[in-house]
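Following: one structure in structure tokens, then a few remarks.
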Amino acid sequence: MKHIVANLVTAALAEHPELASAAADLAIETTVERTRDASHGDFASNIAMRLAKAARRNPRDIAGDIVAAVGSNEQIEKVEIAGPGFINFYLSPSAFHAELRAVLDQGQAYGRQARKDAPKILLEFVSANPTGPLHVGHGRLAAYGATVGNLLEAAGYPVHREYYVNDAGRQMDILGASVWLRWLEASGIEIPFPEAGYRGDYIQDIAAEIDVSGLELPKQGDVLDGLPVQETKEDAEPYVDALIAKAKSLHGDDGFEQVRQQSLESIRAGIEDDLAKFGVTFDKWYSEQSLTTSGRIDDALAVLEERGMLYKKDGATWFPAMKFGDEKDRVVVRENGIRTYFASDIAYHFDKRERGFDHLIDILGADHHGYTARVRAGLEAMGYKGDDLEVELVQFVSLFRDGSKIPMTTRGGQFVTLRQLCAEVGNDAARFYYVMRSNDQHLDFDLDVATSQSNDNPVFYIQYAHARITRVFRKAVELDLPLDKKNGLANLGQLLTPQEKSLMSAMSRYPEIIELAARNRAPQTLVHYLRDLVADFHSSYNADKVLGDDAGLRDARLTLYAAVKIVVANGLAILGVSAPEEM
RNA sequence: GCGCCCGUAGCUCAGUUGGAUAGAGCACCAGAUUCCUAAUUUGGGGGCCACAGGUUCGAAUCCUGUCGGGCGCGCCA
């Protein structure tokens with residue numbers, strides 16, 4: 001709807017070339033805003049004030065010229081100049097009626113923009129290491145990423161969703177060793193479990209389910225033979241490394257690989273399952289191991305080499321990240337010949353661009369903010385723009401129950417899993433609460449509120465509006481007063497109460513909200529909007545009876561509610577929250 | 001020490017990228033249903049937008065500094 005006013009302003013400016021040229025580098029869309037206050041009309045433009053300096057004229061005079069040039073228009077009721085030079089636009093009822101009709105005509109497509117060809121966006125999110133089940137912190141990454149993906153798609157962008165599986169490196173060896181030890185343990189062979197190993201119960205489960213055919217059960221003495229002791233904290237890392245080496249020597253690299261691969265695949269599949277149940281799916285699960293087998297790391301390193309972006313020092317190969325604004329240079333190949341995680345990381349982002357994605361969005365936990373500079377540096381060194389990579393950081397989550405914080409440590413395996421959370425509060429509440437706050441705001445997730453079936457709970461508040469409208473339509477049929485849509489559309493002029501006007505206005509904002517929320521990667525904008533929209537609905541519902549005797553008014557109100565229902569359902573769908581017919 | 005994020009009502013948080021008198025929920029106080037779902041609604045009190053400067057027609061928003069909180073700063077992943 002905003003474009004109506006923006007177009008009028010553009011047209012008016014065209015009649016004043018000196019103003020138009022001053023405004024040339026201004027996006028008129030951004031000078032037109034919804035008003036905060038109904039007494040200022042429906043839309044306001046601050047363009048006169050923005051142009052005042054360049055045009056060397058009084059803003060109110062400029063506004064006067066623009067208003068005169070706007071003239072009269074059937075979609076505009078009146079235009080006023082207010083305050084220091086605001087131009088306030090009051091839209092005519094017919095403009096709102098036309099928008100209401102658009103909602104009904106477009107249905108699920110309302111608020112969605114036509115598909116654009118570019119930029120092609122690669123959205124990477126969650127990407128938790130496959131060393132254990134997802135916890136509530138990952139849940140926020142999942143909910144946020146999925147919703148941002150939905151918003152971007154609604155805004156018309158092609159979005160490819162990807163999960164980067166860190167299935168290479170030492171952590172995977174530690175995982176394999178942990179499972180291996182639990183297998184031995186279950187077979188009666190007791191070996192001191194490493195402090196640095198994975199201690200969660202799920203490790204035992206994996207040990208019990210994996211295929212160990214072809215692996216010969218070792219003797220306890222052979223395992224213990226030559227193993228260092230684990231007494232102090234400093235012993236932890238050498239001890240676990242010795243265990244990995246021992247497993248490899250007893251079963252061969254292939255034998256250990258058998259345990260390791262099954263372990264990580266079991267966990268990865270569990271993660272995929274948890275996410276799918278949470279309504280979060282990916283187009284691709286991108287394996288870090290595959291970067292090595294496909295030669296992509298070699299390719300990326302070769303590109304850097306060619307461009308003179310590598311140097312040797314202390315036996316290692318370095319990337320001069322400082323040249324590109326990073327704090328320090330980074331090692332890509334260690335002294336021992338093994339590539340660093342950073343090498344895979346730049347190779348992965350290189351590959352993303354090489355696959356034809358124009359804009360890369362990484363959604364990361366707030367503790368990863370240090371990576372942005374170095375990965376951007378890598379992209380730049382390989383000939384791409386650092387700005388091609390956008391990083392959205394998501395702050396941490398604290399769970400509260402009975403008013404106090406639930407302690408969580410990832411190391412000790414003391415954490416609430418995403419699965420447990422969903423079981424307790426349900427998917428709808430979880431998805432909603434995760435994106436209710438700005439991603440750069442620390443999130444306090446109150447389990448008591450999320451589970452309460454009361455007016456404290458904003459999820460139910462919004463869902464209830466949807467159910468309530470559904471109910472009214474059912475009731476209308478029961479009373480033999482079904483909606484006559486044609487009659488409703490013909491009588492929209494009867495929607496005159498302040499509540500109805502406010503509701504129509506709020507509804508017409510929806511496409512602008514989607515656009516804004518997508519641009520800012522800000523799902524909370526949509527959450528707050530839906531709450532406001534639904535508040536207007538409840539208010540209207542409470543003030544005036546719908547199923548009255550006047551058929552024209554009744555059908556008009558039902559028509560309005562039908563449209564509101566569509567908008568609420570569309571908004572909830574983007575959030576990944578269900579729109580129930582009944583509650 | 002350096003870097004990133006945050007600081008707005010008693011609590012939890014929005015604030016349309018610089019706009020008009022700073023908003024919402026919860027909590028607190030007082031009302032509304034012979035009627036479509038009261039999981040609803042109407043009204044009220046409550047603020048040095050952490051603090052101090054600066055930029056300009058205009059600042060919660062941008063810049064600088066200070067204070068306070070969170071998180072990073074490996075040839076770990």
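As the structure is a prediction and not an experimental result, all values here were calculated from the model. Letters A, B, ... mirror the listed sequences (proteins, then strands); counts begin at 1.
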(request) Using the C1' atoms only, state how far B/U21 lies from B/U17, rounded to an integer number of Å. (result) 22 Å
(request) Could you check whether A/His528 gets within reach of a base, just the sugar-phosphate, or nothing at all, counting any heavy atom under 4.0 Å? (result) sugar-phosphate
Show me the protein contacts with nucleotides 16-18 of chain B, counting only N or O atoms at under 3.5 Å.
{"from": "B/U16", "atom 1": "O4", "to": "A/Arg36", "atom 2": "NE", "distance (Å)": "3.1"}
{"from": "B/U16", "atom 1": "O4", "to": "A/Arg36", "atom 2": "NH2", "distance (Å)": "3.3"}
{"from": "B/U17", "atom 1": "N3", "to": "A/Asn520", "atom 2": "OD1", "distance (Å)": "3.4"}
{"from": "B/U17", "atom 1": "O4", "to": "A/Asn520", "atom 2": "OD1", "distance (Å)": "3.2"}

(message) Tell me the closest heavy-atom pair linking A/Phe256 and A/Asp173, and the distance in Å.
(response) CZ-O, 3.4 Å
(request) Check RNA chain B for consecutive Watson-Crick or G-U pairs with both distances under 3.5 Å and list the runs of at least three as stems. (result) B:1-7 with B:67-73, B:10-13 with B:23-26, B:28-32 with B:40-44, B:50-54 with B:62-66
(request) Name the closest nucleotide to the A/Gln171 side chain, picking from B/A14, B/C76, B/C75. (result) B/C76
(request) Compare the minimum distances between each of B/C57, B/C36, B/C75 and the side chain of A/Leu547, then state the nucleotide with the smallest one. (result) B/C36
(request) Write down the distance separating the P atoms in B/G7 and B/G15, rounded off to the nearest Å. (result) 10 Å
(request) Rounded off to whole Å, could you give me the CD-to-P distance for the A/Gln499 and B/G43 pair? (result) 9 Å
(request) Pick base, sugar-phosphate or nothing for A/Arg471, based on heavy-atom distances below 4.0 Å to the nucleic acid. (result) base
(request) Map A/Ala366 and A/Asn439 onto RNA chain B by nearest heavy atom, then report which one ends up closer to the 5' terminus. (result) A/Asn439
(message) Rounding to an integer number of angstrom, what distance separates B/C26 and B/G72 when you compare their P atoms?
(response) 35 Å
(message) Measure CG/A/Asp440 against P/B/C6 and give the value in whole Å, please.
(response) 5 Å
(message) Anti or syn, where syn is a glycosidic angle within 90° of 0; which label fits B/U16?
(response) anti
(message) Between A/Lys2 and A/Arg34, is there a side-chain heavy-atom distance shorter than 4.5 Å?
(response) no
(request) Would you indicate whether the side-chain heavy atoms of A/Arg471 and A/Arg468 approach each other to under 4.5 Å? (result) no
(request) Assess whether side chain to side chain contact (heavy atoms under 4.5 Å, CB included) is satisfied between A/Tyr163 and A/Arg268, documenting all intermediate values. (result) CA-CA 11 Å; A/Tyr163 186 120; A/Arg268 194 209 60 77; 5.8 Å; no
(request) Rounded off to whole Å, could you give me the CG-to-C1' distance for the A/Asp367 and B/C71 pair? (result) 7 Å
(message) What's the closest nucleotide to the side chain of A/Ala82 if the choices are B/C75, B/A20, B/G15?
(response) B/A20
(message) If I take atom CD1 in residue A/Ile469 and atom P in nucleotide B/A39, what distance separates them, rounded to the nearest angstrom?
(response) 16 Å
(request) Quick one: label A/Ala465 by what it contacts on the DNA or RNA (base, sugar-phosphate, nothing), any heavy atom closer than 4.0 Å. (result) nothing
(message) For A/Val435 versus A/Thr147, what's the shortest heavy-atom pair and its separation?
(response) CG1-OG1, 3.8 Å
(request) Output the distance between atom CG (A/Leu141) and atom NE2 (A/His135), rounded to the nearest 0.5 Å. (result) 8.5 Å
(request) Name the nucleic acid region contacted by A/Asp544, choosing base, sugar-phosphate or nothing; use a 4.0 angstrom heavy-atom cut-off, strictly under. (result) base
(message) Looking at A/Tyr461, I'd like to know whether one of its side-chain N or O atoms comes within less than 4.0 Å of OP1 or OP2 on B/U41.
(response) yes
Pairs under 3.5 Å (N/O, protein and nucleotides 33-35 of chain B):
{"from": "B/C35", "atom 1": "O2'", "to": "A/Lys545", "atom 2": "NZ", "distance (Å)": "2.6"}

(message) Looking at the base of B/U12, is there any donor atom on it, or on the side chain of A/Asp444, that sits under 3.5 Å from an acceptor on the other one?
(response) no
(request) For A/Glu582, report the nucleic acid contact type (base, sugar-phosphate, nothing); a contact means any heavy atom under 4.0 Å. (result) base
(request) Considering non-hydrogen atoms only, spot the tightest contact between A/Gln463 and A/Ser578 and give its length. (result) NE2-O, 2.9 Å
(request) Using the P atom as the reference point in each nucleotide, state the distance between B/A52 and B/U61 in Å, no decimals. (result) 12 Å
(request) Please state the P separation for the pair B/G47 and B/C11 - nearest whole angstrom. (result) 13 Å
(message) Tell me if a side-chain donor or acceptor on A/Asn336 pairs with a main-chain N or O of A/Ile338 at a distance below 3.5 Å.
(response) yes
(message) Is the phosphate of B/C75 approached by A/Lys313 (side-chain N or O, under 4.0 Å from OP1 or OP2)?
(response) no
(request) Determine the minimum heavy-atom distance between A/Asp167 and A/Arg260, stating which atoms define it. (result) O-NH2, 4.0 Å
(message) Taking the side chain as everything from C-beta on, heavy atoms only, tell me whether A/Leu421 gets closer than 4.5 Å to A/Leu447.
(response) yes
(request) Please measure how far the P atom in B/A24 lies from the corresponding atom in B/G46, and state the result in whole Å. (result) 14 Å
(request) Quickly work out the A/Leu479 CG to B/C36 C1' distance and round it to whole Å. (result) 8 Å
(request) Answer yes or no: side-chain N or O of A/Asn88 and base N or O of B/A20 forming a donor-acceptor pair under 3.5 Å. (result) yes
(message) Taking the P atom in each of B/U16 and B/C4, what is the distance between them to the nearest angstrom?
(response) 22 Å
(request) Between B/C5 and B/A50, how far apart are the C1' atoms? Round to whole Å, please. (result) 16 Å
(message) Using a heavy-atom cut-off of 4.0 Å across all strands, would you classify A/Gln395 as base, sugar-phosphate, or nothing?
(response) sugar-phosphate
(message) With a 4.5 Å cut-off on side-chain heavy atoms, are A/Tyr541 and A/Val472 touching?
(response) yes
(request) For residues A/Tyr433 and A/Val459, determine if any side-chain heavy atom of one lies less than 4.5 Å from a side-chain heavy atom of the other. (result) yes
(request) State, yes or no, whether a side-chain contact exists between A/Glu99 and A/Met507 at a heavy-atom distance under 4.5 Å. (result) no
(message) Taking 4.0 Å as the cut-off, does a side-chain nitrogen or oxygen of A/Gln441 come that near to OP1 or OP2 on B/U12?
(response) no
(request) Measure across A/Ala44 and A/Asn88 and return the closest heavy-atom pair with its distance rounded to 0.1 Å. (result) CB-OD1, 3.4 Å
(request) Scan A/Ala52 against the nucleic acid and name what it touches under 4.0 Å (heavy atoms): base, sugar-phosphate only, or nothing. (result) nothing
(request) Test for a donor-acceptor pair under 3.5 Å between the base of B/C71 and the side chain of A/His369, counting only N and O atoms. (result) yes
(message) If you assign each of A/Lys328 and A/Lys53 to its closest nucleotide in RNA chain B, which residue comes earlier from the 5' end?
(response) A/Lys53
(request) Would you indicate which nucleotide in B/G3, B/C36, B/U41 comes nearest to any side-chain atom of A/Glu327? (result) B/G3
(request) Could you tell me whether A/Ser438 contacts a base, only the sugar-phosphate backbone, or nothing, with contacts defined as non-hydrogen atoms closer than 4.0 Å? (result) sugar-phosphate
(message) Determine whether the aromatic ring of A/His442 stacks with the base of B/G70, defined as ring centroids separated by less than 5.5 Å and ring planes inclined by less than 30°.
(response) no
(request) Write down the atom of A/Leu304, the atom of A/Ala381, and the distance for their closest heavy-atom approach. (result) CD2-CB, 3.7 Å
(message) Using a 4.0 Å heavy-atom cut-off, does A/Val546 contact any base of the nucleic acid, only the sugar-phosphate backbone, or nothing at all?
(response) base
(request) For A/Asp314, report the nucleic acid contact type (base, sugar-phosphate, nothing); a contact means any heavy atom under 4.0 Å. (result) base
(request) Send over the distance from A/Ile81 CD1 to B/G19 C1', rounded to a whole Å. (result) 17 Å
(request) Measure from the ring centre of A/Phe396 to the centre of the six-membered ring in the base of B/G70, then say whether that distance is under 5.5 Å and the planes meet at under 30°. (result) no
(message) Please check: side-chain N/O of A/Arg330 versus main-chain N/O of A/Ala321, any donor-acceptor pairing under 3.5 Å?
(response) no
